[in-house]
Amino acid sequence: MEAAATPQLPKKRGRKPKPKEDQQQQQQQSAGAKMKEGKKAQQPSVDDKYTQWKSLVPVLYDWLANHNLVWPSLSCRWGPQLEQATYKNRQRLYLSEQAKCLRDFSVPNTLVIANCEVVKSRVAAAEHISQYEGKESEMIENEGKFNEEARSPFVKKYKTIIHPGEVNRIRELPQNSKIVATHTDGPDVLIWDVETQPNRHAVLGATNSRPDLILTGHQDNAEFALAMCPTEPYVLSGVALEFGKDKSVVLWSIQDHITSSATDPATKSAGSGGSIIKKAGDGNDKATDGPSVGPRGIYQGHEDTVEDVAFCPSSAQEFCSVGDDSCLILWDARAGTSPAIKVEKAHNADLHCVDWNPHDDNLILTGSADTSVSMFDRRNLTSNGVGSPVYKFEGHKAAVLCVQWSPDKASVFGSSAEDGLLNIWDYEKVGKKTECLSRASSSPAGLFFQHAGHRDKVVDFHWNASDPWTVVSVSDDCDTTGGGGHCRPEDEVLAELEKFKSHVVSCASKP
């Protein structure tokens, strides 16, 4: 369950800059840093914590792969499964590479399509444990299991698409995961058929690949808020602006483009596994030369930047959004363009992310700059005029950037944050005690797994719907690697932790 890239963001994640507040905050932080300098010197460094985590990997994971891209990455998604074998499966993996953040504008930004060999559960575990018994973590590192400079043999680049502008978000179409949408540093959403796109070489001065479809309708840059509908080929987007007046949520149907081109013999439905049709061209045209489609609806209700959007899992007409106005808004396209329900003060700070439970469409997750994750029931969203979550999960030490429900179990979800952690939660465990060494009693309620293999903010992650308990994630550090892997079932981990209890405790207690 490790990162797939090494990014350094050129700006704050989709937040509207507030110069005066930023200056005051920086002054306060500077003063606080001087007061706590002596205390911090006694705390383990990021590298120390990372070394401790590595020593526990053979116990905590069935399989783990680190992979280092050439350039930083801001987004990652699993694509379709290509092949099933006895010990591992082969699957597409979508990653972004953002060359612009290093201020070398002649190097193109790219959408990377990779093939990932996902080792099956309990196949890699035996190898990990055999290396683990009687060996120090340094020996594992020397054997190449954590070679920070090398690229993972499990991840091979298959195709490169030269992307017009930054690749801030990637989201796949659930009905056909060969179709992906991307957010860039402009107002348009770009649609790609990754299988029919030509492979390009990311060389200096390379011209952009040509999107299969361009979704127009935003008036300002739409950079982060992006979702694809699980029931129909619909796309949802929100504006993450630095300056501007557009605070809208915009809805499109890819089917509108297909319908308007129905007389073309090359036309096939995106939901039936076919390709989105393209105009004649060699794939090297500018993005503006591609076919485009306008929105089904534009929805107004936020007072500040729209940070994230999500579809109701059972309806293409219902969706939700969150923003820097601290609001969670539920929309119903059948009832007009105004909010169906607006939850004021869903958190005490900016909201960064939202996800709708695919197993129970009454449950919605939100993540915030206040470091918490809240679970809302849409049948009872507010109390006394403000947000009233079913439960607030507090296990991060910095702003939460991404939340996502597990595709395998209705009560399980993940959250990633600026503290470099990817936490796995189970709301059914809230209020239940789990005995796991002596430190479990201090664990946040509902938290049952914590991935600490990143050394900076975890900007995106994605559960693998084809392989249970497998996650890919990307982090905002330029000196570490990434990839994907399995986190192991809790009962199995607990039994093995008890078996190796003395070693685990000694590793965790090292400064």
Side-chain angles (χ1 to χ4, degrees), residues 9-19 74-75 96 98 100 109 163-171 181-191 211 213-229 234-254 287-288 292-311 319-331 333 336-340 342-344 346-347 349-356 366-369 399 401-403 459-460:
L9 297 177
K11 58 194 172 192
K12 291 186 178 180
R13 182 217 174 280
R15 294 190 212 171
K16 183 178 178 180
K18 302 169 184 176
L74 296 182
S75 194
S96 66
Q98 189 176 4
K100 182 182 287 190
N109 297 287
H163 197 273
E166 302 170 1
V167 190
N168 293 327
R169 275 292 179 271
I170 307 168
R171 293 296 182 258
T182 57
H183 253 327
T184 184
D185 49 352
D188 298 331
V189 176
L190 308 181
I191 304 296
L213 185 63
I214 302 170
L215 308 183
T216 62
H218 280 302
Q219 301 302 313
D220 288 301
N221 290 353
E223 298 182 349
F224 293 103
L226 183 65
M228 303 282 261
C229 179
Y234 280 33
V235 182
L236 194 63
S237 171
V239 170
L241 68 161
E242 293 184 2
F243 301 98
K245 297 180 180 180
D246 185 354
K247 306 176 183 68
S248 62
V249 173
V250 181
L251 175 70
W252 297 269
S253 171
I254 297 177
T288 52
S292 63
V293 65
R296 279 282 183 99
I298 299 177
Y299 304 86
Q300 304 285 350
H302 282 286
E303 301 299 326
D304 207 331
T305 294
V306 180
E307 290 278 10
D308 202 10
V309 290
F311 277 99
F319 41 92
C320 62
S321 59
V322 295
D324 286 351
D325 53 6
S326 301
C327 291
L328 163 65
I329 298 181
L330 274 63
W331 311 85
T337 59
S338 298
K342 186 171 184 177
V343 182
E344 305 279 356
H347 285 257
D350 298 354
L351 273 68
H352 288 163
C353 45
V354 63
D355 196 35
W356 212 314
T366 57
S368 171
L401 300 179
C402 186
V403 291
V459 293
D460 199 13

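Numbers for residues simply follow the sequence, beginning at 1. Keep in mind that the numbers below use all heavy atoms, side chains included, and drop hydrogens, waters and symmetry copies.
- Inspection of the H218 and S237 side chains reveals an N or O donor paired with an N or O acceptor under 3.5 Å.
- Side-chain contact check for D188 and T216: no donor-acceptor pair (N or O, by modelled atom type) lies under 3.5 Å.
- Residues A181 and L226 approach most closely at O-CD2, 3.7 Å, considering heavy atoms.
- Taking all atoms of both residues into account, the shortest heavy-atom contact from G186 to N221 is CA-OD1, 3.4 Å.
- Aromatic ring centres of F319 and Y299 lie closer together than 6.0 Å.
- Using a distance-only test at 3.5 Å, with no hydrogens or angles considered, no donor-acceptor pair links the side chain of H183 to the main chain of I170.
- Under the 3.5 Å distance criterion, the side-chain polar atoms of T366 are left unmatched by any main-chain donor or acceptor of V354.
- Ring geometry for F311 against Y234 counts as perpendicular: the plane angle is over 60°, on a 0 to 90° scale with 30° as the lower cut.
- Here the side chain of K247 pairs no donor or acceptor atom with the backbone of G301 at under 3.5 angstrom.
- For the ring pair (Phe, Tyr, Trp, His ring centres under 6.0 Å) test, no residue two or more places apart in sequence or in another chain qualifies with H302.
- Side-chain atoms of S368 never come within 3.5 Å of backbone atoms of H347 as a donor-acceptor pair (strictly under, hydrogens ignored).
- Proximity of I191 to I214: side-chain heavy atoms (C-beta onward) are nowhere separated by under 4.5 Å.
- In summary, D308 and R169 do not engage in a salt bridge, as defined by a charged side-chain N under 4.0 Å from a carboxylate O.
- Applying the ring pair (Phe, Tyr, Trp, His ring centres under 6.0 Å) rule to W356 yields no partners; only residues at least two apart in sequence or on another chain are considered.
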